[in-house]
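Below, all heavy atoms of this structure are taken into account, side chains as well, without hydrogens, waters or symmetry copies. The structure displayed is predicted, hence computed values, not measured ones.
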Amino acid sequence: MNTLFTALNRTRQQPKRLAAMALITLPLMTTGLPMSSAKAAAPDLSKLAAIEQPMTDLYAMAGPLVGRWRATDAAVLAMLDTLYGESGMVPESITGGVYLEIEETGVFVVTYDDLQMIFPDESGLPPVTLRGWLGLGWAESDAGVISITGEDMDLEAEVLGLAMPAPEVPFDTSSSNFEVSSELLSFGGFTGFDGSPIMFPSTWLRDY
């Protein structure tokens with residue numbers, strides 16, 4: 001990661017190379033859940049409704065999980081700090097938002113609504129904006145445990161006015177424990193099929 005930020009600093013006067021470098025940040029927002037690359041657009045929920053659920057639905061697909069949620073800014077910044085902490089180039093603030101739509105039909109959509117990462121002035125790094133969506137299938141695979149499997153995506157990064165689609169990243173089913181308390185949804189931390197942690201905002205507020 002130090003190499004990434006060194007390269008960004010050296011190329012900040014070269015927009016095309018910088019835009020390409022910015023794509024390296026996308027895996028942190030896709031949380032290892034990508035599938036294909038294309039221009040960002042609104043998700044087609046009718047298409048996503050056909051996504052195959054990752055596991056046999058042992059529990060009701062309705063209940064407190066279902067609905068629209070917005071990741072707290074603190075949770076997004078904490079995730080970025082975990083990812084970039086060792087590099088010393090942690091975004092100091094964000095604008096925009098990350099939203100989560102959980103449908104009782106087994107559709108799980110994450111939307112990046114112009115999520116812009118703003119770095120400290122001394123870093124010399126320009127803001128990086130993420131926009132688009134991820135479509136996944138989900139099931140409550142055990143009591144208090146959610147499993148998700150990536151199916152479709154339309155995500156891009158923009159830096160210095162140049163936008164590029166997200167690269168493909170390998171993915172398999174991931175799972176996490178969760179808790180819903182009133183208007184707050186908390187995830188214990190998604191774990192990939194190989195046991196490695198997957199970065200994902202840990203707390204979400206119900207969005208009406």
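When atom types are taken as modelled, the side chain of D113 and the backbone of G97 share no donor-acceptor pair closer than 3.5 angstrom. Here the side chain of T72 pairs a donor or acceptor atom with the backbone of A75 at under 3.5 angstrom.
Applying side chain to side chain contact (heavy atoms under 4.5 Å, CB included) to W69 and the options I102, V98, T203, L205 leaves one that passes, I102. Partner of L100 under the side chain to side chain contact (heavy atoms under 4.5 Å, CB included) criterion, out of V109, L65, V110: V110 alone.
With values rounded to the nearest 0.5 angstrom, E101 atom CD is found 9.0 Å from D207 atom CG. Here the CD-CG distance, from E92 to L80, works out to 12.5 Å after rounding to the nearest 0.5 Å. Atom OG1 of T111 is separated from atom CG of L130 by 13.0 Å, given to the nearest 0.5 angstrom. Annotation: the span from F108 atom CZ to L134 atom CG amounts to 9.5 Å, rounded to 0.5 Å. In this structure, CG on N177 lies 11.0 Å from CD1 on I146, to the nearest 0.5 angstrom.
Using modelled atom types and a 3.5 Å distance limit, the side chains of Y208 and E183 yield a donor-acceptor pair. Under the 3.5 Å distance criterion, with hydrogens and angles disregarded, no donor-acceptor pair is assigned to the side chains of S147 and S175. For the residue pair T129/Q116, the side-chain donor-acceptor check at 3.5 Å is satisfied.
Shown here are the salt bridge (Lys or Arg N to Asp or Glu O under 4.0 Å) partners of D73, two or more places apart in sequence or in another chain: R70. The salt bridge (Lys or Arg N to Asp or Glu O under 4.0 Å) check on D114 picks up R131, with sequence neighbours excluded.
Listed by chain and number, the hydrophobic cluster partners of I118 come to none, as no ILVMFWY side chain reaches under 4.5 Å of it.
Here the closest non-hydrogen pair linking P91 and L77 is O-CD2, 4.0 Å. When all heavy atoms of F178 and E140 are compared, the pair lying nearest together is CZ-OE2, 3.7 Å. Nearest heavy-atom pair, P126 versus L160, reported as atom, atom and distance to 0.1 Å: CB-CD2, 3.8 Å. In terms of heavy-atom proximity, V90 sits nearest to P120 at O-CD, 3.4 Å. Looking at every heavy atom in both residues, P201 comes nearest to V76 through CG-CG2, 4.1 Å.
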I'd like to know whether T173 forms a side chain to side chain donor-acceptor pair (under 3.5 Å) with T149, so could you lay out the CA-CA distance, the side-chain angles of the two residues, the decisive distance to 0.1 Å, and finally the verdict.
CA-CA 5 Å; T173 298; T149 299; 2.6 Å; yes
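Considering only heavy atoms from C-beta on, R206 stays 4.5 Å or farther from L185 through its side chain. Counting only heavy atoms from C-beta outward, the side chains of Y99 and R68 approach each other to under 4.5 Å.
Under a hydrophobic clustering in which Ile, Leu, Val, Met, Phe, Trp and Tyr are joined whenever their side-chain heavy atoms come within less than 4.5 Å, directly or via other members, V145 and I148 fall into different clusters.
Using the six-membered ring where Trp is involved, F187 and W204 have ring planes that are perpendicular, over 60° apart on the 30 and 60° scheme.
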